[in-house]
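Notes follow once the structure below has been shown.
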Amino acid sequence: MQETQTIESPSIPSRSSTSTQDRSSTVGQTSSTAPQPSKPTPIIPPLAKSTGPGSGSVVRRMRRIIAEDAEWSLAIVPLLTELCIQHIVKNFQNNPILKQLLPEHQKKVLNHLSPDLPLAVTANLIDDESYWRRCCTQRWPVCHVDNHGGSWKRMFFELHLENLLKHFIPNTTDPAVILNLLPLCRNYVRAIRVDQFLPPVQLPAPPRGGDQSDSGSEGEMEEPAMDHYQLDNLVAGLSHLEELDLVYGVKDCGLNFEWNLFLFTYRDCHSLAATLKACHTLKIFRLTRSKVDDDKARILIRSLLDHPALEELDLSHNLIGDRGARAAAKLLSHSRLRVLNLANNQVRAPGAHSLAHALGHNSNLISLNLRLNCIEDEGGQALAHALHTNKCLTTLHLGGNELSEPTATLLSQVLTINTTLTSINLSCNHIGLDGGKQLLEGMSDNKTLLEFDLRLSDIAQESEYLIGQALCANREAARQRALNPSHLMSPVTAKGPESPVG
């Protein structure tokens with residue numbers, strides 16, 4: 001195979017000499033400065049790469065194609081699919097195309113969509129959790145999705161609705177701002193947690209004549225002016241609402257503090273009671289730090305009688321006394337309530353008697369919290385008597401109730417026979433040395449209690465230590481039962497049926 005092409009000649013001594021002559025003639029023609037039009041330059045075709053001794057010069061003489069733009073590349077030109085995705089993302093607000101795309105194209109579109117798109121476009125169209133996660137983290141850098149069922153979309157709409165309610169000013173904010181959100185969030189909101197309700201803006205009262213200064217209607221006309229946002233239309237539009245957690249007050253009021261900012265009016269109470277009665281899906285209701293007294297508590301509890309789904313009622317940190325506790329006791333007999341929290345109220349011995357009577361016949365309640373009341377030994381003994389027959393309560397909190405040795409004596413008897421209680425709190429009472437010994441005797445026969453809080457109860461250090469040792473033994477036994485549930489079975493069942501003798 002020839003390495004180079006040459007022009008034929010009648011006398012060619014050799015191929016190597018011919019190639020050398022051609023190269024020399026070409027170099028001479030190239031280096032010559034005078035034009036020679038009569039002698040056209042012979043065209044030498046590209047030489048193939050040679051592996052001989054002179055191949056280096058041949059490679060250097062080869063012509064090369066050098067692009068004008070050194071950075072130009074065919075890979076920079078985007079694919080038609082990418083151009084279409086960019087166009088869809090750019091015009092998504094006016095023409096939301098998503099369901100018609102392939103799954104891999106949908107993912108690319110969702111990854112490039114802006115979190116600031118109108119909710120009217122994205123609410124009922126986008127279910128991708130990664131998109132709603134970006135929406136949440138952009139608005140709330142610190143957020144806990146576990147508090148919202150693990151769903152970022154649910155979290156976004158619940159926090160968005162909560163923000164609207166917290167800043168709603170009656171007679172100033174347009175109610176349509178909240179009601180127009182209902183068609184977009186009705187399928188995702190399951191909890192409303194609002195720790196602030198703003199009252200309407202109060203204008204200076206006009207001057208009155210001297211004949212009206214002693215009128216008795218002045219105080220009656222002052223309270224309705226402080227009504228807050230009414231939840232009836234909102235709750236009625238949320239078909240999956242399960243939790244309602246409210247605080248009627250104002251946060252961060254600063255130097256503008258007034259007691260009227262923390263007023264839960266009777267009109268608010270009646271409207272909320274009607275809302276609770278109509279919401280058949282509600283499982284948890286909390287109304288705390290809102291100055292709820294006996295009358296308002298009775299109005300609310302009356303609306304919850306025979307409620308089909310309510311499981312938890314929290315009215316802690318209010319002004320509820322014995323009449324309100326009596327209403328709560330009636331609720332225990334007319335509902336499926338499992339958790340009742342009346343902590344930090346004004347319940348005394350009569351109210352505790354009512355709750356104890358209901359507790360003795362109840363088969364649903366598992367947690368009762370009466371912390372920071374004043375039931376004293378009379379109420380404590382009534383509750384202890386009820387626990388002799390109650391077979392469902394697991395948690396009892398009686399901290400800070402002026403209890404002493406008589407209550408501890410009856411509770412020690414309860415510990416020997418009750419097999420359902422797992423947690424008791426008697427902290428901040430006056431149990432005393434003898435009361436501590438009585439509780440220690442009761443714990444010697446108890447195998448189910450796992451937590452027993454006796455801090456600041458004036459019992460002996462030795463008694464507290466021995467009770468703690470008994471609790472550790474109970475917890476270890478409970479752990480072993482959880483790891484080896486088969487040990488509770490009968491020996492025949494645990495070993496399996498015996499093989500019949502042939």
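In what follows, every heavy atom counts, from backbone to side chain, and hydrogens, waters and symmetry copies are set aside.
- Classified by interplanar angle (parallel below 30°, tilted 30° to 60°, perpendicular above 60°), the ring pair W132/F156 is tilted.
- Screening residues 275-315 for ring pair (Phe, Tyr, Trp, His ring centres under 6.0 Å) gives no qualifying pairs among residues at least two apart or on separate chains.
- Checking side-chain atoms of K277 against main-chain N and O of R302 turns up no donor-acceptor pair under 3.5 Å.
- Using the six-membered ring where Trp is involved, H270 and Y266 have ring planes that are tilted, between 30° and 60° apart.
- Sequence neighbours left out, the pairs with a member in residues 321-344 that pass salt bridge (charged side-chain N to carboxylate O under 4.0 Å, His left out) are D295-R323.
- Contacts of E451 classified as side-chain contact (heavy atoms from CB on, under 4.5 Å), with partners at least two apart in sequence or in another chain: S423.
- By the side-chain contact (heavy atoms from CB on, under 4.5 Å) test, N124 pairs with L184, Y188, sequence neighbours left out.
- Counted by atom type alone, D268 and H228 present one or more donor-acceptor pairs between their side chains at under 3.5 Å.
- Inter-residue side-chain proximity for I178 and L234 is flagged as met; some heavy-atom pair is nearer than 4.5 Å.
- Side-chain atoms of Q106 come within 3.5 Å of backbone atoms of L98 as a donor-acceptor pair (strictly under, hydrogens ignored).
- Residues in residues 307-317 take part in these salt bridge (charged side-chain N to carboxylate O under 4.0 Å, His left out) pairs, two or more places apart or across chains: R286-E312.
- In this structure the side chain of L182 reaches within 4.5 angstrom of the side chain of L179, judged on heavy atoms.
- Judged as a salt bridge (charged side-chain N to carboxylate O under 4.0 Å, His left out), the pairs with a partner in residues 248-258 (not counting sequence neighbours) are, in order, D195-K251.
- Among residue pairs with one or both ends in residues 171-192, none qualify as salt bridge (charged side-chain N to carboxylate O under 4.0 Å, His left out); sequence neighbours excluded.
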| Between L411 and L439, is a side-chain contact (heavy atoms from CB on, under 4.5 Å) present by the stated rule, with each step listed? | CA-CA 7 Å; L411 282 177; L439 294 175; 4.2 Å; yes
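- Considering only heavy atoms from C-beta on, S316 stays 4.5 Å or farther from N344 through its side chain.
- Counting heavy atoms from C-beta outward, N362 and L337 have side chains that stay 4.5 Å or more apart.
- Between the T275 side chain and the S271 main chain, a donor and an acceptor come within less than 3.5 Å of each other.
- The side-chain contact (heavy atoms from CB on, under 4.5 Å) check on H167 picks up N163, with sequence neighbours excluded.
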For residues 353-361, dump all side-chain donor-acceptor pairs below 3.5 Å to protein atoms at least two apart in sequence or in another chain.
residue	atom	partner	partner atom	Å
S354	OG	P350	O	3.3
H361	ND1	H357	O	3.0

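- Annotation: side chain of I366 is not in contact with side chain of L393 (no heavy-atom distance under 4.5 Å).
- Here the two rings, on Y131 and W152, have centers that are 6.0 Å apart or farther.
- When the side-chain contact (heavy atoms from CB on, under 4.5 Å) test is applied to N111, the partners found at least two apart in sequence or on another chain are K107.
- Taken from OG in S290 to CG in L263, the straight-line distance is 10.5 Å, to the nearest 0.5 Å.
- In this structure, V177 and F168 have side chains that are not in contact, with every pair of non-hydrogen atoms separated by 4.5 Å or more.
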Please report, to 0.1 Å, the donor-acceptor pairs under 3.5 Å made by any side chain of residues 370-379, with sequence neighbours excluded.
residue	atom	partner	partner atom	Å
N373	OD1	N345	N	3.3
N373	OD1	Q346	N	3.3
N373	OD1	V347	N	2.9
N373	ND2	L342	O	3.0
N373	ND2	L370	O	3.0
N373	ND2	R371	O	3.3
D377	OD1	S404	N	2.8
D377	OD1	S404	OG	3.3
D377	OD1	T407	OG1	2.7
D377	OD2	S404	OG	2.2

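- Side-chain contact between L238 and C185: present, with at least one pair of heavy atoms (C-beta onward) separated by less than 4.5 Å.
- A salt bridge is absent between K437 and E441: the closest approach of a Lys/Arg side-chain nitrogen to an acidic carboxylate oxygen does not fall below 4.0 angstrom.
- Checked by atom type and distance alone, the side chain of N233 never pairs as donor or acceptor with a backbone atom of P175 at under 3.5 Å.
- In this structure, N318 contributes its side chain and I320 its backbone to no donor-acceptor pair below 3.5 Å.
- Within the 4.5 Å cutoff, the side chain of F452 has heavy atoms near those of the L415 side chain.
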Please output the side-chain donor-acceptor pairs of residues 468-478 that fall under 3.5 Å, not counting sequence neighbours, one pair per line with the distance.
residue	atom	partner	partner atom	Å
N474	ND2	N446	O	3.4
N474	ND2	L449	O	3.0
R475	NH1	L450	O	2.5
E476	OE1	R479	NE	3.3
E476	OE2	R479	NH2	2.8
E476	OE2	Q480	NE2	2.9

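- Surrounding CZ of R154 are more than 12 heavy atoms belonging to other residues, nucleotides or ligands, all under 6.0 Å away.
- Crowding of Y465 atom OH: a count of heavy atoms from other residues, nucleotides or ligands under 6.0 Å not exceeding 12.
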